[in-house]
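The chains referred to below are lettered A, B, ... by the order of the sequence lines, with proteins before strands, and numbering in each begins at 1.
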Amino acid sequence: MLNRGRILLPFNLLLFTIAYFKQRKSMVVTRFAPSPTGYLHIGGLRTALFSYLWARKNGGKFVLRIEDTDKARNSEEAAQKILQAFTWLGLSSDEEIVYQSQRDDIYRKYIQQLLDENKAYYCYMTKEELDALREEQQAKKERPRYDGRYRDFSGTPPKGVEPVIRIKAPTSGTITVHDGIKGSIEFKVEDMLDDFIIARSDGSPTYNFVVAVDDALMGITDVIRGDDHLSNTPKQIVVYNALGFEVPKFYHVPMIHNAQGKKLSKRDGATDVMEYKKMGYLPEALLNFLVRLGWSHGDQEIFSLEEMVSLFDPSDINRSASIYNVEKLDWLNAHYIKNSSNERIERLLEEDFGFILSSHDKKEVLLDALKERAKTLKDIVDMAQEILNPPSQYDPKAVKKAFKADAKEILEDFKNTLAQKESLHLPVDYHDVMEEVVQKRQIGFGKIGQPLRVSLLGKLGGPGLDVVMTVIGKEETIARIDKALREL
RNA sequence: GGCCCCUUCAUCUAGCGGUUAGGAUUCCAGGUUUUCAUCCUGGCCACAGGGGUUCGAGUCCCCUAGGGGUCACCA
């Protein structure tokens, strides 16, 4: 035994080491990097979901980074709102959330490094001069670009100008973005790049610089983001190269468009993810809806989170933009509501809508019936209220249709029959009463159903009357019939 | 305008040289239901246009058209 143990130990260690390096090599780290200028919107959530799924599928990590460097536009409140949305959807960061506003020292250090290595330089051109240059170039129909006048400047800098810092970008050739969705895209340096600013005159670093630095330092291997960033990518590659960082894989996912075919914006109704919670959508419905926008797996429409994780691959993402259309979301939401437990629905109704059902002894009957017919949780609340509260008014059209000549007589009969019954507990018990009256009078079910429906609910349509009566009980049923008999 | 990306039913999409171009949502019809909804069955509806390549093209190439994105000391 001892001998075997001694031989096995190094062998195990070897296996372990191999497994470790194998895992390291294929370790996938993705990120979602919102700027907290408002709420989390649908498009952002989708790229976040894609990133999350890809990391999970590979046993890697998904990290959140808050890009809050623009102090004027960012707010702590907005950051919190975004985090709340993630919590609601059950997506979480695998590591501590990174706030760019707290990483100033890091950016300064790398800017200094580029300065020291002569890969970046101070530029003393004023904003006014820059604007003038731009206008001049545009007048000549040239592409506006910095002319590189301070690139190799060694004279005395002009007085009173706080310089910006520019990076020395390549002046010729091409930069190729290897995109996992769109394929390889070549950008010609001459019509894409100039020595762009990496630090403003107040010393603060700019977006394309910090993104590259952060992604590199956070060990991001796969950048999945909206394709509106595609033309930023060459710039970021310049930064990666200058700093000697390894360039990650990029996946630029097409935008989500509105019905007009334009980029989705606040004006397009509900783009705030948390609005969907307020409207009564289930997180899994929203996630399922979004994962199928631009991505598919054969003919499958319904995906649990586990299935998404195991089936998702960013290379299966479509190359074209998709139009945002909520019809399918309603269908999915209805599906997930139907398949949710009553306990969960009850809890959500209370938490999200303040609608408390816990004390109602027939809540199971009610929820069973309403789950079948609701598109949203809000629907359930509305329908439940229509049942629980006596009708405040009777729909005239329904009255006209339902209250034909003998309606009152039939209702009276039904009421009296019902009054004599004991131990009515289930819908079937009430159904039997209706059946009895129908048999006795030799009439169709509609003859009694229609006027009864109007009496109980004030309108036509709605759940089965046996269910309604079970929920409100015998006394209330009789009371509502009496009221209808009096008023109609 | 320069650069880049995109283009299959109304919408989301399958398709990876040979299919009656499939599924889903919506819509319509029928069935189920006392009613409405659900559910079931069926139906309508698409390869942007034009050239090539090929025995054969939604699939490959080119052009045109249309749409979108991006061009800051914003992110």
For A:Phe303, check ring-ring contact (aromatic ring centres under 6.0 Å, His included) against everything at least two apart and list the hits. A:Trp295

Measuring to OP1 and OP2 of B:C6, would you say a side-chain N or O of A:Lys182 lies under 4.0 angstrom away? no

Restricting to side-chain contact (heavy atoms from CB on, under 4.5 Å), what partner residues turn up for A:Arg453, sequence neighbours left out? A:Leu457, A:Leu460, A:Leu465

Once you round it to whole Å, what is the distance between C1' of B:C4 and NZ of A:Lys263? 14 Å

Just the table, please: protein N/O against nucleotides 43-48 of chain B N/O, every pair under 3.5 Å.
none

Which residues in residues 129-151 of chain A have at least one heavy atom lying under 4.0 Å from any atom of RNA chain B? A:Leu130, A:Arg134

Contacts of A:Phe187 that satisfy ring-ring contact (aromatic ring centres under 6.0 Å, His included) - sequence neighbours left out: none

Enumerate the residue pairs fulfilling side chain to side chain donor-acceptor pair (under 3.5 Å) with a member in residues 364-382 of chain A, sequence neighbours excluded, ordered by first and then second residue. A:Asn342-A:Glu364, A:Asn342-A:Asp368, A:Asn342-A:Lys371, A:Thr376-A:Asp379, A:Lys378-A:Asp382

base_contact_polar (B:C4 base, A:Ser231 side chain, donor-acceptor, <3.5 Å): no

Pairwise C1' distance, B:A75 and B:C39 [rounded to whole Å]: 48 Å

Answer yes or no: side-chain N or O of A:Asn325 and base N or O of B:A10 forming a donor-acceptor pair under 3.5 Å. no

Nucleotide-resolved protein contact map, nucleotides 23-36 of chain B, B/S/- at heavy-atom distance under 4.0 Å: BBSS-------BBB

Is a salt bridge present between A:Arg65 and A:Asp215, judged by a nitrogen-to-oxygen distance below 4.0 Å? yes

Salt bridge (charged side-chain N to carboxylate O under 4.0 Å, His left out) with A:Lys338: which residues, sequence neighbours excluded? none

Kindly state which residues belonging to residues 310-320 of chain A come within less than 4.0 angstrom of RNA chain B, counting heavy atoms of the residue only, listed by number. A:Asn318, A:Arg319, A:Ser320

Under the ring-ring contact (aromatic ring centres under 6.0 Å, His included) test, which residues partner A:Phe86, sequence neighbours left out? A:Phe32

Report the residues that fulfil ring-ring contact (aromatic ring centres under 6.0 Å, His included) with A:Phe153, sequence neighbours left out, ordered by chain and then residue number. A:Tyr150

All side-chain contact (heavy atoms from CB on, under 4.5 Å) counterparts of A:Asp228, not counting sequence neighbours: A:Met255, A:Lys263

